[in-house]
*Asks:* 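If you scroll down you'll find the structure; I have some questions about it.
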Amino acid sequence: MRQKLFIIIFAMLTVSVPAQNFLSVLSYSTGLGVGKTGDFIDDFSWRGFSIEGRTFTQRNLSFGIMFGWNYFDQRTDETVQLEDGAVTGTQIRYLDLIPIMATMHYYFGKRRRHSIRAFAGVSAGTYIITQRLDLGIWSFRRSNWHFGLAPEVGVLVPLGSSALALSVKYNYAFHSGETFLNETSNTHSFLTFNLGFAFGY
Amino acid sequence: MPRIEELFKKGKILFLGVLIAFGVTSCYTDYGLTTEDYDVVYTRYNKDANFSQFKKFVMPDSVYHLVGEGQEDNISRQFDALILNTVARNLQQRGFVRVNSVDEADAVVVVTVSEDTYSGAIYYPPYWGYPGWGWDWYYYPPYWGDITYYEYNTGTIHLQFADIENTDGQTVLYTDWMAVMNGLLSSNVVQTQSRIEKAINQAFSQSPYLKTN
């Protein structure tokens, strides 16, 4: 599975298409959980990346695919309230989130050599999400595939034939499969702040 | 001086690799957990119980060690008094009065300890590090995986608080409050004493409903 994912990544990196019609974007991705995800881990995540390929079908419109990885973890000693009790102990909480999505982006204004260009887009696809809680000598783990949506806004700052790509993305993974520790829902939502380079701009 | 985009072109793959490595370096945090970090305090209560009806409790003067007939555990009895005194002190702070006769008591408190052995195996998969997802692909030569077996013992304290009516004189038939404190077996006496007191105090602290008024 992981080897296949790496093959896909490097295939995207080395793809050869005419310049101006294709952007490959590689980003360093940080993140912050919101909603229930933020309740589980509220520490900021400094670990993640994403890689995208975007093909322009019109001057202002691109379609593509993206693959990414975001990782959250946190240590906490807080008491967890249960329906008829409570549990206290050092907990290590983990979240692994892997989006694999189709993307669509709209670019504002004209592509000029030295002008910053804003874009907005949305991704749709799947998240592979693994949630884990270590408590004492016990470890609880749940992994599911989720359908998800991710609206995004950002800017491209030209650097010659490349560009700096800055964006903020809201990721929402719908309820799927079995819930974690008998919770009623396992939807996840998190923000990613992406700093990357777009090649072929 | 080469332009920045030329540098990107020349070192594209290398640059991308460095950026990815930056994003995923040290994927999993080493929290440096100590033995004490594995202690867990779990409490549970009967939501229908009215704890204010229990004014007086009786508690045996000894801690029961849950072992098979003719067997011994590795939990020293030198901590029994500490456990009983800490439990009694917490109950008295909540307004309960300790009595010596079952006939006078509204509730019974039973303290038991057990030694539990946990064993298992961890499989370290080839190439991809541990545990589970890892990105140690840069380890060379390839690592073909290994299985490590482990076994360790933990000491557990069990507290049971029950309506005296729910006992048959020998055993507790129905518990209104229980606390389980795991991970209390250590070769360091001072450390063990500290952990026992801390765990019992925490059990009461996270049970605010356990009081006479």
Side-chain angles (χ1 to χ4, degrees), chain A residues 1-3 6 9-10 12-14 24 26-30 43 46-51 68-71 73-75 77 79-92 94 96 98 128 130 132 134-139 141 143 158-164 195-197 199 201, chain B residues 3-9 12-13 15-17 19-29 31-34 36-48 116 118 120 125 127-128 131-135 137 152 154 177-183 198-199 202-203 205-209:
Chain A
M1 175 66 184
R2 294 161 199 154
Q3 288 167 329
F6 267 92
I9 292 171
F10 284 103
M12 290 170 71
L13 288 175
T14 55
S24 50
L26 182 84
S27 301
Y28 169 55
S29 181
T30 61
D43 277 2
W46 296 98
R47 295 173 194 176
F49 73 89
S50 69
I51 183 164
W69 176 73
N70 290 93
Y71 174 75
D73 67 0
Q74 182 175 11
R75 172 184 170 150
D77 297 316
T79 297
V80 178
Q81 297 299 329
L82 307 173
E83 187 183 347
D84 56 356
V87 61
T88 301
T90 300
Q91 303 158 50
I92 311 294
Y94 306 89
D96 256 317
I98 301 172
I128 306 169
T130 301
R132 187 176 124 200
D134 289 352
L135 171 67
I137 58 172
W138 296 280
S139 184
R141 184 177 183 275
S143 188
L159 295 169
S161 62
S162 301
L164 196 65
L195 165 64
F197 287 97
F199 299 95
Y201 186 69
Chain B
R3 295 169 57 180
I4 190 166
E5 61 267 29
E6 290 170 346
L7 286 174
F8 286 155
K9 283 179 184 174
K12 182 176 174 181
I13 297 300
F15 172 75
L16 296 179
L19 200 58
I20 288 177
F22 182 61
V24 302
T25 297
S26 302
C27 292
Y28 293 95
T29 309
Y31 284 97
L33 298 181
T34 63
E36 193 170 344
D37 289 318
Y38 290 91
D39 292 351
V40 173
V41 178
Y42 170 65
T43 52
R44 188 177 181 184
Y45 70 105
N46 170 18
K47 292 165 77 173
D48 296 326
D116 309 296
Y118 293 86
Y127 247 113
W128 301 101
W133 262 91
W135 292 83
W137 51 274
Y152 53 89
T154 65
W177 177 78
M178 60 170 283
V180 180
M181 289 143 281
N182 173 267
K198 185 179 172 186
Q202 176 59 40
S205 173
Q206 69 189 45
S207 308
Y209 44 82

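What you see below is based on every heavy atom in this structure, not just the backbone, and it leaves out hydrogens, waters and symmetry mates. Sequence lines set the chain letters: A, B, ... in the order given, protein chains first and strands last, and positions in each chain run from 1.
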*Asks:* Sort out for me which of A:Leu82, A:Val87, A:Thr88 touches chain B most, counting heavy-atom pairs under 4.5 Å.
*Replies:* A:Thr88
*Asks:* Give the minimum heavy-atom separation between A:Phe199 and A:Ser162, together with the two atoms involved.
*Replies:* CD2-OG, 3.6 Å
*Asks:* Which bit of A:Leu135 comes within less than 4.5 Å of chain B, counting heavy atoms only: side chain, backbone, both or neither?
*Replies:* both
*Asks:* Is A:Thr79 close to chain B through its backbone or its side chain, or both, or neither, when contacts mean heavy atoms under 4.5 Å?
*Replies:*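 A:Thr79 touches chain B through side-chain heavy atoms alone.
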*Asks:* Hey, is the main chain of B:Met178 close enough, under 3.5 Å, to the side chain of B:Tyr42 for a donor-acceptor pair?
*Replies:* no
*Asks:* Are B:Asp37 and A:Arg75 within salt-bridge range, i.e. N to O under 4.0 Å?
*Replies:* yes
*Asks:* With only heavy atoms counted, which part of B:Gln202 is less than 4.5 Å from chain A, the side chain, the backbone, both or neither?
*Replies:* side chain
*Asks:* Using the six-membered ring of A:Tyr94, assess whether NZ or CZ of A:Arg132 lies under 6.0 Å from its centre and within 45 degrees of the ring axis.
*Replies:*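 Flagged: A:Arg132 positioned over aromatic ring of A:Tyr94.
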*Asks:* Let me know if A:Glu83 has heavy atoms under 4.5 Å from chain B in its side chain, its backbone, both or neither.
*Replies:*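 It is both, since atoms from each part get that close.
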*Asks:* Scan A:Asp134, A:Thr90, A:Asp73 and name whichever one has a side chain to side chain donor-acceptor pair (under 3.5 Å) with B:Tyr31.
*Replies:*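 Looking at A:Asp134, A:Thr90, A:Asp73, the match for B:Tyr31 under the side chain to side chain donor-acceptor pair (under 3.5 Å) is A:Asp73.
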